[in-house]
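Here the structure is laid out as structure tokens; the discussion comes afterwards.
Source: prediction; values computed, not measured.
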Amino acid sequence: MDASELFRTYLDRFTSGDTAGAAELLTDDFRFHGPILQSEGKAAFLAGSAQLGPIMRGVRIHRQWQDGDQVCSFYDFKIETPAGAGSIPMAEWNTVRDGKLASARLIFDTAVMAALMPTA
């Protein structure tokens with residue numbers, strides 16, 4: 001499986017709630033850096049992203065670029081909360097090592113996500 005296909009498979013699993021299946025595609029030392037979560041290690045990432053489980057409604061990838069073990073993807077992350085449903089445009093750059101995702105750098109406008117989150 002090439003880097004682009006690996007990321008698509010991971011993202012489909014993750015956004016459909018198949019956390020165990022998504023986790024299989026991450027290295028144990030997976031590093032994640034995004035606007036809301038930064039983590040070192042697969043377990044830390046899964047714990048930090050667990051709150052997304054109930055609100056995820058899928059993904060639509062618009063474009064991917066691959067250069068060897070690097071893949072960059074532009075996609076819409078679909079969520080639904082009591083405040084509303086919508087899509088958050090995201091860009092993610094991943095590195096693959098030994099057939100698994102080793103790192104991710106995620107960029108998105110947090111204001112779009114905040115508008116879809118319930119107020120306290």
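Ring orientation note: the planes of Y10 and F14 are close to parallel, at an angle under 30° on the 30°/60° scale.
Between N94 and A104, the shortest heavy-atom contact is ND2-CB, 3.3 Å. P118 approaches P82 most closely through the heavy-atom pair CG-CD, 3.9 Å. The minimum heavy-atom distance linking V71 with A3 is given by the pair CG1-O, 3.9 Å.
Residue L52 is grouped with residue V112 when hydrophobic side chains (ILVMFWY) are merged at heavy-atom distances under 4.5 angstrom, including chains of intermediate members. Cluster membership check: M117 shares its hydrophobic cluster with I36, using side-chain heavy-atom separations under 4.5 Å among Ile, Leu, Val, Met, Phe, Trp and Tyr. Clustering ILVMFWY residues whenever any of their side-chain heavy atoms sit less than 4.5 angstrom apart, transitively, puts I55 in the very cluster that holds L37. L26 and M1 fall within a single hydrophobic cluster, where Ile, Leu, Val, Met, Phe, Trp and Tyr side chains are chained together by heavy-atom contacts under 4.5 Å. When the side chains of ILVMFWY residues are joined at heavy-atom separations under 4.5 Å, either directly or via intervening members, V59 and M56 end up in a single hydrophobic cluster.
Y75 places a side-chain heavy atom less than 4.5 Å from the side chain of F7. Counting only heavy atoms from C-beta outward, the side chains of I88 and K78 never approach each other to under 4.5 Å. Looking only at side-chain heavy atoms (C-beta outward), K100 and L25 stay at 4.5 Å or farther from each other. Using a 4.5 Å cut-off on side-chain heavy atoms (C-beta onward), F74 and P89 make contact. You'll find the side chain of L101 reaches within 4.5 Å of the side chain of L6, heavy atoms only. For the pair D76 and H62, the minimum side-chain heavy-atom distance is below 4.5 Å.
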**OP:** Before giving the answer on side chain to side chain donor-acceptor pair (under 3.5 Å), spell out for D29 and T27 the whole-Å C-alpha distance, their side-chain angles and the decisive distance to 0.1 Å.
**Re:** CA-CA 5 Å; D29 63 345; T27 61; 2.9 Å; yes
Original post:
Going through the distances and angles, do M90 and L106 end up as a side-chain contact (heavy atoms from CB on, under 4.5 Å)?
Top reply: CA-CA 7 Å; M90 297 189 169; L106 178 66; 3.8 Å; yes
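Judged purely by atom type and a 3.5 angstrom limit, Q66 uses its side chain to pair as donor or acceptor with the backbone of S4. At least one donor-acceptor pair under 3.5 Å links the side chain of D2 to the backbone N or O of E5. Remark: the backbone N or O of F77 is not paired with any side-chain donor or acceptor of S87 at under 3.5 angstrom.
One finds a salt bridge joining E24 and R13 here, because a Lys/Arg side-chain nitrogen approaches an Asp/Glu carboxylate oxygen to under 4.0 Å.
Side-chain contact, Q38 with R31: no donor N or O sits under 3.5 Å from an acceptor N or O. Looking at E92 and S73, their side chains never bring a donor and an acceptor atom within 3.5 Å of each other.
Summarising the geometry, atom CZ belonging to R60 is positioned 14.0 Å from atom OG1 belonging to T15; distances are rounded to the nearest 0.5 Å.
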